[in-house]
Each structure stands twice: as C-alpha cells, then as structure tokens.
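Reading through the structure tokens given below for one structure.
These figures come from a predicted structure and were not determined experimentally.
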Amino acid sequence: TRQSSSRRVPLASRKTSSSSRSSASTRPFLCLALFLLLILVVTALFLFPPAIMSSSSSSSSSAASVPFERPRKVVKKVLSLSQSEGDGATVRRSIGRHEVPNLDPFLLLDEFSVSKPAGFPDHPHRGFETVTYMLDGAFTHQDFSGRKGTIRTGDVQWMTAGRGIVHSEMPAADGVQKGLQLWINLASKDKMIKPRYQELESKDISQAEKHGVKVRIIAGEAFGVRSPVYTRTPTMYMDFTMQPGSQLHQPIPEGWNAFVYIIEGEGVFGREGAAPASAHHCLVLGAGDGLSVWKRSGAPLRFVLAAGQPLNELVVQQGPFVMNSRAQIKKAMEDYYYGRNGFEKASQWSST
C-alpha cells in the first residue's frame, strides 16, 4: 500500500501537469496570432494615415473655432459714406457720425481719398491725439513749431496735440492719396500736456504672420509681437490681411471698447454663422474676450482692429477742440484766437 501510495499522483498535480502540457502546446499559436495582429496594426497605420490625421485635424479645427469663452460679437454695423472735409477733400467717416458719435476713447475715424490741390490746410487741435496711417501715396505735414515731414505708403504718424498744435496735411504726390485718420481722446489730466510725435516708417512697423493671416501692429500686441509705440491712452491698433481659408482669433483686453473697419474684401466677424461684412463698413464689437474672424473664399480680406481703454469722462467737442466742459471749449477757442496757452505761434505762422 505504501508503494502504491507513493506512485499515486495527486489529482491537483495531474491537472497542473496536464495544463502545462496544454499551455506549452498552444504557446506557439498565441505567439503567431500576436505577431499577425502586430503586422495588421502596422499595415493599417501605413495604409490609412489620412483617415487618422483627418480625424485629429477635424477635432483640432473644431476646438480652434471656439477659442474664447465669451467671443466679441458685432453689435452695430455702419456703412461709412463719402462726405466733403477740409479744402476739397473727400472722406468716409464712420466713428464720429450720428450713428456712432464716439466710442470711448475713440472720437473719429476717417478713410480719406485726396488729390491735389485738395487737402487739409492750416487748422488747430487741442485735447486729443491723431493717428494718420497711409494706405497708398504720400502726405506732407507741417506745424507751427517748424516741424515738417512726409509720410508714405505704410507709414504712421502718431501726433499728441495736447495743449495745442496748428498744422497742415496736404498731398505730396500726384494721383489719389489714401489713408486712415483715427482720433483718440486724452484723459483730462493729459489734455494740456506738451505736443509730441511718434513717427514710424513702414519698414519699422512690427509685423507677424501665422496660418494665412498677416498683421501690421501699429499699437499693442498680436501673435506675440509688440509695437514700440507708446499709447498715453491705452490702445491697440492693427492692420490685418487674411487669405482665403484662414481664421483669426485676436484677444482684446477685458473692458476695452473695440471696432473693426474693413478696408477691402469681405469676411465673417464675431461668430461663425454671421453674415459677411464688406469694405467701408465699421463694426462695433460688444463685450467679451476677443475677436474671431473667418475668411472663407474670394479675394483677401484687409481690415483694421482698434481697441482702447475707456476714459469714462465727459466729452465736449467743438470742431478740432475736445475737452471736458463747455467752459474749457470756450477757453480753447479764446487761446487760439489770442495766441496764448500753447497757441503763441499761431498768428505768425502759415504752411508753405
């Protein structure tokens, strides 16, 4: 019995042994199956990458189409109409018309088209800044301090009139000279500062390009590139050109007022389902995190985006004088007439 017991193999051992033999016999088949599966996966990756990439690109594009939690929508759309200004000049005014009398801190935006001998002869300013951006051609500026210079296509002159400037702005070349002039208000504490200029040639204006969108940064920051221009009233001012099929998602500081002016072409602004807007339209933007633009087809789209921190002060304007009260306007007119408080040289000067 003892011998017999010693030869007897326990049931559990028999099962384990049987199992081991079974595993050993099936192991080659499992290895082969795994090898074949690996070949199939690698083949699929090589044969069908477009489908995988398309899926990834689609989700990425979908995410990019909603970059802001609170996108700025167009709350007012104004077509700028031609009107006479200066001496025989023609402008298309958008900001500064009855539909948008001002958009704090912006007072006026004119798109001008001027040919000799028309222009803007000697005239005064007090209490704000003018930003002249040449789109095509050249303009010569002179003022009563003896300053004289010419800005050409793509150049910018940022003039702080402060307590007083008398100047002229006249065409410097034959044919039609085109540009934009933006008026930016000054805070009450800055209205009587000494006049100053910032002038940038086209080659010195900060630029950036990304995914079919090119920007010239007159003031502020876009695509990680910043303009060197100092803005006494915090301001961003940019010239965008978008190629067909491109998108733009430009952040705008919270609480700033902003607008778009379309120079040429058409595009969709604010929300993807909006109707396209075309050249010479001014689009006032509502509150939010930033502006989204879609350029779907056709010729390139070109527009400027301007945004500024509101001053939240009373605006009283009389022609070229912008102050905070009627009494200050009356004093500005008297100072100009009598040649005092910044206008001392006014009566002895005239442009050439």
Side-chain angles (χ1 to χ4, degrees), residues 72 74-86 89-114 120 123 125 127-137 139 141 151 154-161 169 177-186 198 215-220 227 229 231-241 250 252 256-265 267 269-270 277-286 291 293 301-311 315 317 319-322:
R72 288 184 177 243
V74 176
V75 295
K76 184 173 284 190
K77 179 180 176 181
V78 177
L79 176 62
S80 58
L81 303 174
S82 295
Q83 65 182 63
S84 296
E85 193 68 26
T90 300
V91 304
R92 287 179 174 271
R93 183 161 297 167
S94 46
I95 306 295
R97 285 178 47 181
H98 66 276
E99 295 95 335
V100 190
N102 60 64
L103 186 67
D104 189 11
F106 304 112
L107 303 164
L108 175 145
L109 178 70
D110 280 348
E111 178 187 4
F112 58 84
S113 299
V114 184
F120 307 97
H123 58 279
H125 291 302
F128 61 99
E129 300 180 300
T130 67
V131 184
T132 306
Y133 180 39
M134 291 303 301
L135 300 176
D136 188 27
F139 251 64
H141 163 276
I151 56 173
D155 295 351
V156 172
Q157 183 198 68
W158 196 296
M159 183 186 81
T160 302
E169 300 158 290
Q177 320 302 305
K178 298 180 179 180
L180 299 173
Q181 188 168 94
L182 178 66
W183 289 13
I184 305 173
N185 200 10
L186 287 170
Q198 297 176 86
V215 60
R216 309 186 82 237
I217 308 157
I218 299 167
S227 165
V229 168
T231 58
R232 190 169 292 275
T233 300
T235 305
M236 61 188 294
Y237 188 27
M238 301 165 184
D239 174 5
F240 287 97
T241 299
Q250 172 63 38
I252 299 172
W256 286 23
N257 288 329
F259 71 89
V260 161
Y261 186 78
I262 304 172
I263 299 169
E264 57 187 30
F269 293 82
S278 56
H280 310 303
H281 279 91
C282 178
L283 312 177
V284 178
L285 305 178
L291 170 67
V293 186
L301 164 68
R302 186 182 183 189
F303 64 92
V304 294
L305 167 64
Q309 186 175 60
L311 298 173
V315 175
Q317 181 174 350
F321 305 123
V322 182

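- Nearest heavy-atom pair, Gln309 versus Thr233, reported as atom, atom and distance to 0.1 Å: O-CG2, 4.1 Å.
- A donor-acceptor contact closer than 3.5 angstrom is absent between the side chains of Arg216 and Tyr237.
- Between Asn257 and Pro310, the shortest heavy-atom contact is ND2-CG, 3.7 Å.
- Two residues are said to be in side-chain contact when any heavy atoms from C-beta on lie closer than 4.5 Å; Pro234 and Trp256 meet this criterion.
- Distance check, rounded to the nearest 0.5 Å: CD1 of Ile218 to CG of Asp155 gives 11.0 Å.
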**Report entry** Leu182/Leu108 under side-chain contact (heavy atoms from CB on, under 4.5 Å): CA gap, chis, key distance, verdict
**Finding:** CA-CA 6 Å; Leu182 178 66; Leu108 175 145; over 6 Å; no
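- Between Ala219 and Thr231 the shortest heavy-atom distance is CB-CG2, 3.9 Å.
- In the model, Glu169 has a side-chain atom that pairs as donor or acceptor with a side-chain atom of Gln181 under 3.5 Å.
- Tyr261 and Phe303 have their aromatic ring centers separated by at least 6.0 angstrom.
- Between the side chain of Ser227 and the backbone N or O of Gly220, no donor-acceptor pair lies under 3.5 Å.
- Atom CZ in Phe106 sits 15.0 Å away from atom CH2 in Trp183 (nearest 0.5 Å).
- When the shell of 6.0 Å around NZ of Lys77 is examined, it contains more than 12 heavy atoms from other residues, nucleotides or ligands.
- Using a 4.5 Å heavy-atom cutoff, the side chains of Ile151 and Val156 are not in contact.
- Put simply, the side chain of Val78 does not reach to within 4.5 Å of the side chain of Val284, judged on heavy atoms.
- Residues Phe240 and Arg302 are not in side-chain contact: their nearest non-hydrogen atoms beyond the backbone lie 4.5 Å or more apart.
- Using a 4.5 Å cut-off on side-chain heavy atoms (C-beta onward), Glu85 and Arg93 make contact.
- Ser278 is listed as a side-chain neighbour of His281, based on a closest heavy-atom distance under 4.5 Å.
- The shortest heavy-atom contact between Ala89 and Val114 is CB-CG2, 3.8 Å.
- Summarising the geometry of Ile252 relative to Ala258, their closest heavy-atom pair is CD1-CB, 4.1 Å, with the distance given to 0.1 Å.
- Inter-residue side-chain proximity for Val260 and Val304 is flagged as unmet; no heavy-atom pair is nearer than 4.5 Å.
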Query raised in the report: After noting the C-alpha distance and the side-chain angles of Phe120 and His123, does the key distance pass the ring-ring contact (aromatic ring centres under 6.0 Å, His included) rule?
Result: CA-CA 8 Å; Phe120 307 97; His123 58 279; 7.1 Å; no
Requested in this report: Walk me through it: do Thr241 and Ile263 pass the test side-chain contact (heavy atoms from CB on, under 4.5 Å)?
Outcome: CA-CA 10 Å; Thr241 299; Ile263 299 169; over 6 Å; no
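- The OG1 atom of Thr90 lies 12.0 Å from the CZ atom of Phe112; values are rounded to the nearest 0.5 Å.
- To the nearest 0.5 Å, atoms CG (Leu107) and CG (Asn185) are separated by 4.5 Å.
- Within the model, atoms OH of Tyr133 and CG of Leu109 stand 13.0 Å from one another, a figure rounded to the nearest 0.5 Å.
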Query - CA sep, side-chain torsions, deciding dist, call: His141, Thr132, side-chain contact (heavy atoms from CB on, under 4.5 Å) - result: CA-CA 10 Å; His141 163 276; Thr132 306; over 6 Å; no
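- Ser80 places a side-chain N or O within donor-acceptor distance of the main-chain N or O of His280, the cut-off being under 3.5 Å.
- A donor-acceptor contact shorter than 3.5 Å is absent between the side chain of Lys76 and the backbone of Gly286.
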Query raised in the report: Which is it for Asp239 and Val215 under the side-chain contact (heavy atoms from CB on, under 4.5 Å) test, yes or no, and what are the steps along the way?
Result: CA-CA 6 Å; Asp239 174 5; Val215 60; over 6 Å; no
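- Using a cut-off of 4.0 Å between Lys/Arg side-chain N and Asp/Glu carboxylate O, Asp110 and Arg92 are scored as not salt-bridged.
- Here the side chain of Asp104 pairs a donor or acceptor atom with the backbone of Leu311 at under 3.5 angstrom.
- Taken to the nearest 0.5 Å, the CD1 atom of Ile95 stands 8.5 Å off from the CG atom of Asn102.
- Using modelled atom types, no side-chain atom of Gln157 and backbone atom of Met159 make a donor-acceptor pair closer than 3.5 Å.
- In this structure the side chain of Leu285 never reaches within 4.5 angstrom of the side chain of Val75, judged on heavy atoms.
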